[in-house]
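What follows is a short report on a single structure.
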Amino acid sequence: MSLSNGVRRFLSDRKVTFQILPHTRTESLQQAARLNGVRPEWLVRVVMLGDHRGFLMVILPASHMINFSLLNEALDRNLKPLTQGQADHLFTDCEKGSRPPLPDLFQIPAVIDESVLAGTEVFFEGGSHEGLVAIPSKAFMRLHPDAEVGRFSQPIAELTAHGRASADEWRSLTENFAPTAGQARLESAPEIPSLPEFASKLLTLRDESKTTAEDLIVLLESDQEVAGQVVAWARSPMHGGHDAIRSVQDAIVRGLGFDLVLNLSLGIAVAKALRVPPDGPLGRQTFWRQSVYCAALVYGLARLMPRASRPKTDLAYLAGLTHNFGHLLLAHTFPAEHYLVNQFVARNPNVPVSQVERQVMGVDHEYIGGWLMDAWGMPAAITAAVRWHHNEGYRGDYVTYPNLVRVANRLLRRIHVGDEVQTELPRGLLQQLHLTERLASAVLDGLLANSVTINRLSNRLAA
């Protein structure tokens with residue numbers, strides 16, 4: 001289906017000439033635009049806002065961001081983005097996440113940014129993620145007789161902070177685009193997503209002293225998606241695997257071992273609870289690429305530490321895999337704000353991600369990620385790695401795990417992977433881990449030798 005029945009009837013009843021551009025299923029407007037060769041400024045997107053006076057549909061080009069200062073001042077309102085669930089509920093007869101810019105069809109008041117009229121044709125999703133609708137601009141405007149037209153957006157390119165922006169300059173920049181800039185949002189967040197039942201069972205197995213390999217095999221074989229990921233991991237040359245590994249039992253006995261299989265499965269399973277957009281520096285594709293690289297690097301570094309101070313290497317692997325889960329929770333919980341953060345980070349790669357998050361949302365991914373791990377009852381070492389991996393001053397329990405993640409991410413920055421902005425490995429940090437610059441660099445070199453395998457594994461997880 002490339003067009004919902006309701007949208008088709010609406011356009012036909014109004015005798016509008018339109019064209020349908022079918023394409024393979026996508027997860028974002030950006031993907032749909034690329035598949036059809038449509039420029040972002042011609043592609044229309046919808047942002048749903050609300051305040052005490054009700055809902056409002058905002059229609060603007062995909063190349064632009066809402067300037068909330070302009071919009072709220074023009075309308076004398078205090079509009080903020082709806083949650084994903086609230087917005088999806090308003091678009092009946094449409095696939096989740098597809099929001100046709102047809103306010104009269106859904107009986108929602110609307111405003112249209114004047115930049116939508118810049119081209120001769122308008123493209124938008126028609127209630128499905130398998131096609132775009134193309135309509136002449138003049139015909140598109142005739143569909144919106146009651147919508148107010150004005151200037152309340154700016155090109156995404158203007159999110160760039162020129163040079164070394166001061167805190168005040170960053171505040172001024174973000175406040176225009178973020179309706180809740182600088183405000184703590186946790187107290188108003190939707191209910192924390194539940195830990196998937198399968199992940200909960202894995203945690204139970206992990207905590208039981210008498211758990212056997214057979215117990216783990218039986219559980220993993222009940223979830224073919226996770227089992228397939230584990231077998232693929234075990235077969236990879238990076239882990240010394242080979243084609244003879246064809247089952248979960250082989251992965252445990254002949255490949256990764258019991259502890260690593262359990263913790264790897266746990267990391268994969270917990271991520272399934274969170275919905276994340278695919279694109280951008282904080283999107284699902286990039287997230288899993290950094291996570292898999294970091295996990296492999298942390299694992300290699302931990303194995304080089306002296307036995308007396310070495311952490312559990314399988315737990316270190318899990319720390320690397322899950323350390324950025326706060327990004328997933330922010331994307332799942334605050335999709336509109338996360339979209340803005342994603343755009344800011346894409347255009348300001350040398351600004352720490354946490355700084356952008358705190359300014360836009362009032363909370364960073366380390367804090368909310370640690371909160372999630374604690375709420376889900378994840379191992380304390382993992383909570384520490386998630387909460388403190390960017391904090392050089394942390395000296396608390398399980399400090400080795402966030403320190404290893406910090407070293408790994410700084411090494412990954414050297415090959416342009418991940419959200420770290422620094423590449424230097426402080427001597428004091430290396431001394432705490434009983435590592436040297438030479439040893440750390442050698443682990444990174446070994447990782448690069450397996451980059452094809454790592455990319456393949458991360459693509460499987462992001463699919």
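One is the number of the first residue; the rest follow in order along the sequence. For the numbers below, each heavy atom of this structure counts, side chains included, while hydrogens, waters and symmetry mates do not. Note that this is a predicted model, so its numbers are computed, not measured.
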Worksheet item: Under 30°, 30 to 60°, or over 60°: which ring-plane class applies to H389 and H323, parallel, tilted or perpendicular?
Response: perpendicular
Discussion item. Applying side chain to side chain donor-acceptor pair (under 3.5 Å), can you list everything that pairs with E41, at least two apart in sequence or on another chain?
Written reply: R39
Discussion item. One pair to check against ring-ring contact (aromatic ring centres under 6.0 Å, His included): H365 and H390. What are the steps and the verdict?
Written reply: CA-CA 10 Å; H365 68 278; H390 282 305; 5.4 Å; yes
Discussion item. Parallel, tilted or perpendicular, judged at 30° and 60°: which one describes the rings of F123 and W42?
Written reply: parallel
Discussion item. Just verifying a value: how many Å separate W233 CH2 and L260 CG, rounded to the nearest 0.5 Å?
Written reply: 10.0 Å
Discussion item. Tell me whether T383 contacts the main-chain N or O of G370 through its side chain, where contact means a donor paired with an acceptor under 3.5 Å.
Written reply: no
Discussion item. R406 vs E420, test: salt bridge (charged side-chain N to carboxylate O under 4.0 Å, His left out). Steps then yes/no.
Written reply: CA-CA 9 Å; R406 191 175 310 113; E420 179 59 75; over 6 Å; no
Worksheet entry | Listed partners of H64 passing ring-ring contact (aromatic ring centres under 6.0 Å, His included), at least two apart | none
Fill in: Heavy-atom donor-acceptor pair, N348 side chain to V351 backbone, under 3.5 Å
no
Worksheet item: Quick one: are D364 and L330 in side-chain contact, heavy atoms under 4.5 Å?
Response: no
Fill in: Trace of the salt bridge (charged side-chain N to carboxylate O under 4.0 Å, His left out) decision for D88 with R99
CA-CA 8 Å; D88 285 341; R99 299 169 189 171; 3.5 Å; yes
Practice prompt. Using the test salt bridge (Lys or Arg N to Asp or Glu O under 4.0 Å), find all partners of E148 that sit at least two apart in sequence or belong to another chain.
Written response: none
Discussion item. Which residues pass the salt bridge (Lys or Arg N to Asp or Glu O under 4.0 Å) test with R151, not counting sequence neighbours?
Written reply: none
Practice prompt. Name all residues meeting the ring-ring contact (aromatic ring centres under 6.0 Å, His included) criterion together with Y299; count only those two or more places apart in sequence or in a different chain, and write none if there are none.
Written response: Y317
Response to the item:
Between the CD atom in Q290 and the CG atom in N324, the distance rounded to the nearest 0.5 Å is 4.5 Å
Worksheet item: Has the side chain of S28 got a donor or acceptor atom that lies under 3.5 Å from a matching backbone atom of Q31?
Response: yes
Practice prompt. With sequence neighbours excluded, tell me which residues meet ring-ring contact (aromatic ring centres under 6.0 Å, His included) with H332.
Written response: none
Discussion item. Main chain of D104, side chain of Q107: is a donor-acceptor contact present, judged purely on distance under 3.5 Å?
Written reply: no
Discussion item. Run the salt bridge (charged side-chain N to carboxylate O under 4.0 Å, His left out) test on R25 and E130 for me, step by step, so that the C-alpha distance in whole Å, both residues' side-chain angles and the decisive distance to 0.1 Å come before the verdict.
Written reply: CA-CA 5 Å; R25 177 165 290 274; E130 296 182 352; 3.1 Å; yes
Discussion item. Among residues at least two apart in sequence or on other chains, which ones pass side chain to side chain contact (heavy atoms under 4.5 Å, CB included) with P136?
Written reply: A139
Discussion item. Less than 4.5 Å apart, side chain to side chain, heavy atoms only: is that true for L321 and W288?
Written reply: yes
Discussion item. Run F18 and F140 through ring-ring contact (aromatic ring centres under 6.0 Å, His included) and show every step you take.
Written reply: CA-CA 10 Å; F18 63 92; F140 180 76; over 10 Å; no
Worksheet item: Donor-acceptor pair, S222 side chain versus L219 backbone, under 3.5 Å?
Response: yes
Item to complete: Give a yes or no answer on whether the side chain of R387 reaches the backbone of I382 with a donor-acceptor pair at less than 3.5 Å.
Response: no
Discussion item. Going by the rule salt bridge (Lys or Arg N to Asp or Glu O under 4.0 Å), which residues pair with D397 if we only count those two or more places apart in sequence or in a different chain?
Written reply: none
Discussion item. Quick check: F325 with F287 (ring centres under 6.0 Å apart)?
Written reply: yes
Discussion item. When you measure from the side chain of R53 to the backbone of G50, do you find a donor-acceptor pair of N or O atoms at a distance under 3.5 Å?
Written reply: no
Worksheet, complete the sentence: Residue set satisfying side chain to side chain donor-acceptor pair (under 3.5 Å) with D76, at least two apart, ordered chain then number -> none
Worksheet entry | Any donor-acceptor pair under 3.5 Å from T286 side chain to G283 backbone | no
Practice prompt. For R289, enumerate each residue passing the salt bridge (Lys or Arg N to Asp or Glu O under 4.0 Å) test, keeping only those at least two apart in sequence or located in another chain.
Written response: none
Practice prompt. Can you sort out the partners of N342 under side chain to side chain donor-acceptor pair (under 3.5 Å), two or more places apart, ordered by chain and number?
Written response: none
Worksheet entry | Whether D113 side chain and V116 backbone form a donor-acceptor pair below 3.5 Å | no
Item to complete: Identify, with sequence neighbours excluded, every residue that meets ring-ring contact (aromatic ring centres under 6.0 Å, His included) alongside F152.
Response: none
Discussion item. Under a 3.5 Å distance rule, please check whether R410 uses its side chain to pair with a backbone N or O of E424 as donor and acceptor.
Written reply: yes
